[in-house]
Structure formats: C-alpha cells, structure tokens
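For reference, the structure discussed in these notes is given below.
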There are 2 protein chains.
Amino acid sequence: MSYKIKSRIWIESENNVLLGEGRVHLLKAIQETGSLSKAAKSLNISYKKAWQLLDSVNKSAKKPVTINSIGGKGGGGAELTEYGKSLIKAFDEINKNCWAFLDKQLEKIEAL
Amino acid sequence: MSYKIKSRIWIESENNVLLGEGRVHLLKAIQETGSLSKAAKSLNISYKKAWQLLDSVNKSAKKPVTINSIGGKGGGGAELTEYGKSLIKAFDEINKNCWAFLDKQLEKIEAL
DNA sequence: AATCGTTATGTCTGTGCAAATATAACGATT
DNA sequence: AATCGTTATATTTGCACAGACATAACGATT
C-alpha cells in the first residue's frame with residue numbers, strides 16, 4: 001500500500017561510465033568463471049556486448065580492472081586484478097548504504 | 001582527474017513509477033505555465049509523451065497530483081494540487097540529500 | 001606447423017520505442 | 001450553435017540500438 005523508492009548509481013571518470021550495476025555483474029561473473037566469454041553466457045548477453053562493457057571499464061579506470069590473456073593454454077581468459085576486486089566490493093557497499101539512506105528519506109513523502 | 005558518482009532515484013507505487021526526475025520536471029513546468037501543452041513545449045517533448053507521463057503520475061499517486069480541466073475558458077488547463085506541490089518539493093530534497101550522501105561515500109573508492 | 005578456445009573487432013539486420021501526425025471530446029464564452 | 005484552445009487518445013512513421021553473425025589474431029601445447 002505504500003510507496004517504494006528505488007535508485008541506480010554509477011561512477012564516471014571523465015564523462016565515461018566506469019562502473020554501474022551491469023558492469024559489476026559482469027565483473028563478478030568473470031571472477032566466477034575465469035573467462036569473458038563464459039561470463040557473457042552466464043549473464044545471457046552477447047559476447048560482443050560483454051567485451052564492449054569490459055573494454056570501457058578498463059579504459060575508464062585509473063588502474064587495470066582485469067587482466068585479459070589471449071591464446072595459450074585454454075585459449076586465454078580474464079581475471080580480476082586486486083584493484084578490480086576492491087572496486088566491486090566498494091561499489092556494493094555504497095549501493096547498500098544508499099538504499100538504506102533512501103528508505104529513511106522516503107518517510108518524508110509517506111507523511112504527506 | 002577523479003571519479004564522479006551519479007545517481008537516479010525514483011518512487012514507485014505498486015510497480016508503477018510515480019515520480020522520477022523527468023516527471024518532476026514536467027510537474028514544475030505545469031506549475032509555471034498552467035497548461036500541459038505549454039509545459040510540453042517548454043520541455044521540448046511531444047504533447048503525447050507529456051500527457052502519458054502525467055496520466056501515469058496521477059494513476060500511481062495516492063491522491064491527485066494535478067487537476068486537469070478540458071473545454072471552457074481558454075480551452076482548459078492543468079494545475080498542481082497542494083499534494084502535488086508537496087511531492088515535488090520532497091523529491092527535490094531527497095535528491096539533494098542523496099547526492100551529498102553519495103559524494104561522501106565516493107571517498108571509499110578514491111582511496112583504493 | 002596444426003590445433004584449440006579464447007580475446008578482439010567489424011558488419012548487417014530487425015525491432016521496439018520515440019516522435020510525428022491526426023482527430024475526437026469537451027465546455028465556457030460569444 | 002459556432003468558436004476556441006485545450007485535454008484525451010489512436011495510428012503511422014522513422015530511427016537508434018541491441019543482437020546475430022562472421023572472422024581475424026593470438027600463443028601455449030602437442
């Protein structure tokens with residue numbers, strides 16, 4: 001019976017998007033699968049889209065977020081750097097804090 | 001040289017969007033112009049889109065947000081109810097508070 | 001040097017959504 | 001009853017963007 005407040009946050013670097021919910025999902029999937037193509041499959045998005053997202057993330061970040069290798073054993077793969085792992089952890093925390101904050105703020109509207 | 005954090009918030013009522021930034025802009029324009037069609041023009045959106053937005057807002061809200069009159073002197077018009085005025089004021093406040101909150105949170109990422 | 005599964009890109013196609021267009025309905029005023 | 005500018009809605013058109021498809025590049029392993 002009552003209103004809900006929702007939010008979407010993202011982090012930009014010089015007008016390019018660095019991180020949003022979709023990109024964080026992708027990074028987590030890479031962490032779990034060890035490969036960009038497997039991550040794309042698990043998220044049900046095309047490999048191309050996944051690659052474009054990851055490329056954009058790495059180009060926007062101050063330090064590398066993933067290390068991608070092509071060729072070699074298994075054909076290659078992708079894995080998160082320590083910086084990448086820290087980023088998604090921090091993003092999740094900020095997101096949770098934001099939800100809690102907004103839920104409190106919503107009372108202002110419920111009271112009307 | 002540093003990251004920026006951005007956000008978009010919106011309020012839902014039973015899975016329908018009640019208020020977002022675009023809808024608030026529209027309501028403000030209605031307040032200034034006294035008419036939905038003039039508001040649409042001032043925002044450079046089609047009348048149809050403006051009407052759909054306003055219709056959706058009024059259907060989602062607990063109480064009427066605008067009073068629309070058709071026909072009569074001047075052909076009709078639209079104006080905000082007291083509830084509508086309170087809503088956009090509260091939304092703006094929440095939005096500002098959210099920005100300030102997130103800016104502080106961003107420090108967690110800058111520090112990485 | 002042949003194989004393999006991946007990363008790294010370009011190209012093409014279709015479709016969903018936005019915008020434009022059209023028009024009905026309305027009621028105070030004259 | 002004729003006019004007027006608006007609200008209210010349906011229909012058509014256009015275009016950006018996502019997805020499918022294709023293929024090159026790569027290097028460890030055999």
Side-chain angles (χ1 to χ4, degrees), chain A residues 8 10 12 15-18 20-61 63-81 83-84, chain B residues 8 10 12 15-18 20-61 63-81 83-84:
Chain A
R8 184 149 293 173
W10 66 97
E12 293 188 2
N15 294 332
N16 297 315
V17 175
L18 165 64
E21 286 186 23
R23 289 157 200 250
V24 167
H25 277 152
L26 178 61
L27 293 179
K28 285 179 181 172
I30 289 172
Q31 195 171 23
E32 286 162 12
T33 63
S35 131
L36 178 54
S37 69
K38 281 178 194 156
K41 257 178 205 159
S42 84
L43 293 182
N44 249 8
I45 61 178
S46 68
Y47 173 81
K48 182 182 182 176
K49 181 166 185 180
W51 179 82
Q52 284 174 331
L53 282 171
L54 182 59
D55 188 53
S56 160
V57 167
N58 276 315
K59 280 184 178 151
S60 309
K63 311 179 197 172
V65 173
T66 63
I67 293 178
N68 310 326
S69 56
I70 65 181
K73 182 173 68 176
E79 59 177 353
L80 297 197
T81 62
Y83 184 59
Chain B
R8 184 149 292 172
W10 66 96
E12 293 188 4
N15 294 332
N16 298 314
V17 175
L18 164 64
E21 285 185 24
R23 289 159 200 246
V24 167
H25 278 150
L26 179 62
L27 292 178
K28 284 179 181 170
I30 289 172
Q31 195 172 22
E32 285 161 12
T33 63
S35 129
L36 179 54
S37 69
K38 280 176 192 156
K41 258 177 204 158
S42 82
L43 294 183
N44 251 8
I45 61 176
S46 67
Y47 173 80
K48 182 185 180 177
K49 181 166 184 180
W51 179 81
Q52 285 174 329
L53 281 173
L54 181 59
D55 188 50
S56 159
V57 168
N58 276 315
K59 279 182 177 154
S60 310
K63 312 180 197 172
V65 173
T66 64
I67 294 178
N68 310 325
S69 55
I70 65 181
K73 182 171 72 175
E79 59 177 351
L80 296 198
T81 61
Y83 184 60

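So you know, we letter chains A, B, ... as the sequences are listed, proteins then strands, and number each from 1.
Of the residues in residues 63-74 of chain A, those with a non-hydrogen atom less than 4.0 angstrom from any atom of DNA chain C are A:Asn68, A:Ser69, A:Ile70, A:Gly71, A:Gly74. Shown for residues 40-54 of chain B: residues whose heavy atoms fall under 4.0 angstrom of DNA chain D, namely B:Tyr47, B:Lys48, B:Trp51.
Applying the side-chain contact (heavy atoms from CB on, under 4.5 Å) rule to A:Ser42 yields the partners A:Ala29; only residues at least two apart in sequence or on another chain are considered. Under the salt bridge (Lys or Arg N to Asp or Glu O under 4.0 Å) criterion, B:Glu12 pairs with A:Lys6, sequence neighbours left out. The side chain to side chain donor-acceptor pair (under 3.5 Å) test applied to B:Ser60 returns no partner, not counting sequence neighbours. In this structure B:Ser46 satisfies the side chain to side chain donor-acceptor pair (under 3.5 Å) test with no other residue, sequence neighbours excluded. B:Asp55 pairs by the side-chain contact (heavy atoms from CB on, under 4.5 Å) definition with B:Trp51, B:Lys59, not counting sequence neighbours.
In this structure, a donor-acceptor pair under 3.5 Å is absent between the side chains of B:Ser35 and B:Thr33.
Judged purely by atom type and a 3.5 angstrom limit, A:Arg23 uses its side chain to pair as donor or acceptor with the backbone of A:Val17.
Separation of atoms CG (B:Asn68) and CD1 (B:Ile30) is listed at 7.0 Å; rounding is to 0.5 Å. A:Thr66 OG1 to A:Leu54 CG: the interatomic distance, rounded to the nearest 0.5 Å, is 4.0 Å.
Pairs of residues two or more places apart, or lying in two chains, never qualify as salt bridge (charged side-chain N to carboxylate O under 4.0 Å, His left out) while including a residue from residues 31-49 of chain B.
Pairing analysis of DNA chain D (Watson-Crick: purine N1 to pyrimidine N3 plus N6-O4 or O6-N4; G-U wobble: N1-O2 and O6-N3; both under 3.5 Å) yields stems of 3 or more pairs at C:1-30 with D:1-30.
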Under 3.5 Å, which donor-acceptor pairs link side chains of residues 73-81 of chain B to any protein atom two or more places apart or in another chain?
| from | atom 1 | to | atom 2 | distance (Å) |
| --- | --- | --- | --- | --- |
| B:Thr81 | OG1 | B:Pro64 | O | 2.8 |
| B:Thr81 | OG1 | B:Val65 | O | 3.1 |
| B:Thr81 | OG1 | B:Tyr83 | N | 3.4 |
| B:Thr81 | OG1 | B:Gly84 | N | 3.0 |

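In terms of heavy atoms, B:Leu36 sits closest to B:Ala50 at CD1-CB, 3.8 Å.
Counting 5' to 3', DNA chain D first comes under 4.0 angstrom of a heavy atom of chain B and last does so at the ends given by D:dG5 to D:dT11.
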